[in-house]
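Just so it is clear, the values below take in all heavy atoms, side chains as well, and ignore hydrogens, waters and symmetry mates. This is a predicted model, so every value here is computed, not measured.
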Amino acid sequence: MAMGSPERGTDVWPIVHAERAALIHDLEGLADEQWEQPSLCEGWTVRDVAAHLVDSARTTRLGFAVGLVRARFDFHRQNARGVARERGASPQETLGRLRQVASLTSTPPAPLDSRIVEEVIHGEDIRRPLGLARPYPRDAVVRALRLQTRTPASFGGAKELVAPLRLTATDADVSIGDVSIGGGREVTGPALSLLLAVMGRREALSELDGPGVGALGQPT
């Protein structure tokens with residue numbers, strides 16, 4: 001996710017912990033075969049995403065730096081190693097590990113709001129293919145959207161993608177971008193759908209409207 005200096009801070013962890021608890025609750029009812037369902041995160045199953053969340057929750061600033069060096073500065077390789085390390089021998093072991101890290105406050109060298117991004121985006125990566133829904137706190141989704149739209153793609157964000165667009169949420173008081181720069185290429189829709197779309201989840205594009213929707217579907 002996005003990297004940089006920590007921001008806002010003290011109210012982040014209650015949000016993150018609540019999202020972890022909600023996801024654990026949803027995962028507790030899954031059959032083993034549902035854990036192997038493809039997630040919205042390309043190439044990862046539901047179980048893989050859960051394992052990634054375990055790995056992310058355990059990651060410290062120092063641990064992130066060491067892991068990145070060992071992965072030869074390849075973020076994808078680093079994430080894949082984390083998933084392999086935390087999957088465990090069974091879905092129930094993966095779930096048990098998620099319970100173990102639910103209250104941790106470790107973070108890589110990134111803005112603290114990136115921890116909210118992690119829980120919301122990957123929560124949807126898991127829930128949507130399983131037909132599950134969660135009413136995420138509006139402020140959490142808006143904060144995640146604002147962070148990702150100002151973070152460069154090289155650090156896991158979508159700044160370049162949304163630069164020529166104006167994003168307007170229909171269920172929250174947030175508009176991002178200058179419509180005059182994009183020549184009228186506005187995109188409107190629920191804040192969660194905007195967040196998913198800017199993070200490359202094409203499944204959310206059908207929930208958006210406006211002349212800029214096509215641009216969000218382009219590869220970055």
Backbone of Ala153 reached by a side-chain donor or acceptor of Glu160 within 3.5 Å: yes

Side-chain donor/acceptor of Arg99 to backbone N/O of Arg97, under 3.5 Å: no

Residue pair Leu147 / Pro111, side-chain heavy-atom distance below 4.5 Å: yes

Side chains of Thr94 and Arg47, donor plus acceptor under 3.5 Å: yes

Residue pair Arg128, Ser39: steps toward the side chain to side chain donor-acceptor pair (under 3.5 Å) verdict: CA-CA 8 Å; Arg128 288 199 171 208; Ser39 74; over 6 Å; no

Heavy-atom side-chain proximity of Arg115 to Ser56 below 4.5 angstrom: yes

Which atom of Ala172 lies closest to which atom of Val142, heavy atoms considered: CB-CG2, 3.8 Å

Test item: side-chain donor near acceptor, Glu124 and Tyr136, under 3.5 Å: yes

Shortest non-hydrogen separation from Arg134 to Ala18 and the atoms involved: NH2-O, 4.4 Å

Interatomic spacing from CD1 in Ile121 to CG in Leu40 - rounded to 0.5 Å: 9.5 Å

Electrostatic pair Asp48-Arg87, nearest N-O below 4.0 angstrom: yes

Candidate pair Thr107 and Trp13, rule side chain to side chain contact (heavy atoms under 4.5 Å, CB included), full reasoning: CA-CA 10 Å; Thr107 178; Trp13 294 114; 4.3 Å; yes

hydrophobic_cluster_shared for Ile15 and Leu195, side chain cutoff 4.5 Å: yes

From CA spacing to verdict: side chain to side chain contact (heavy atoms under 4.5 Å, CB included), Leu165, Arg185: CA-CA 5 Å; Leu165 305 174; Arg185 298 174 72 189; 3.7 Å; yes

Exercise: identify the closest heavy-atom pair between Leu196 and Ala204: CB-CB, 3.7 Å

Distance (rounded to the nearest 0.5 Å) between Ser193 OG and Glu203 CD: 11.5 Å

Least distance between heavy atoms, Ser106 atom then Ala57 atom: CB-O, 3.4 Å

Arg58 vs Val101 side-chain heavy atoms within contact, under 4.5 Å: yes

Point-to-point distance, once rounded to the nearest 0.5 Å, from CD of Gln100 to CG of Leu95: 10.0 Å

Interatomic distance, Asp113 atom CG to Arg146 atom CZ [nearest 0.5 angstrom]: 11.0 Å

Shortest non-hydrogen contact from Ile126 toward Ala50: CD1-N, 4.0 Å

Side-chain heavy atoms of Asp55 within contact of Arg85, under 4.5 Å: yes

Aromatic plane relationship, His52 with His122 - under 30° parallel, 30 to 60° tilted, over 60° perpendicular: perpendicular

Side-chain (Arg166) to main-chain (Gly177) donor-acceptor, under 3.5 angstrom: yes

Contact summary for Met199 and Arg201, nearest pair of heavy atoms: O-NH1, 2.7 Å

Ser114 side-chain N/O to Val117 backbone N/O, donor-acceptor pair under 3.5 Å: no

Gln148 side chain to Leu145 backbone, donor-acceptor under 3.5 Å: no

Val54 reachable from Trp35 in the ILVMFWY side-chain graph, under 4.5 Å edges: yes

From Thr170, Thr168, Thr188, residue fulfilling side-chain contact (heavy atoms from CB on, under 4.5 Å) relative to Asp209: Thr188

Any side-chain donor near an acceptor of the partner, Ser103 and Arg20, under 3.5 Å: no

Working for side chain to side chain contact (heavy atoms under 4.5 Å, CB included), residues Arg138 and Arg143: CA-CA 9 Å; Arg138 184 177 303 171; Arg143 286 168 64 169; over 6 Å; no

Flag if over 12 foreign heavy atoms under 6.0 Å of CD, Glu28: yes

From CA spacing to verdict: side chain to side chain contact (heavy atoms under 4.5 Å, CB included), Val46, Asp125: CA-CA 8 Å; Val46 164; Asp125 284 339; over 6 Å; no

Val120 and Leu192, any side-chain heavy atoms less than 4.5 Å apart: yes

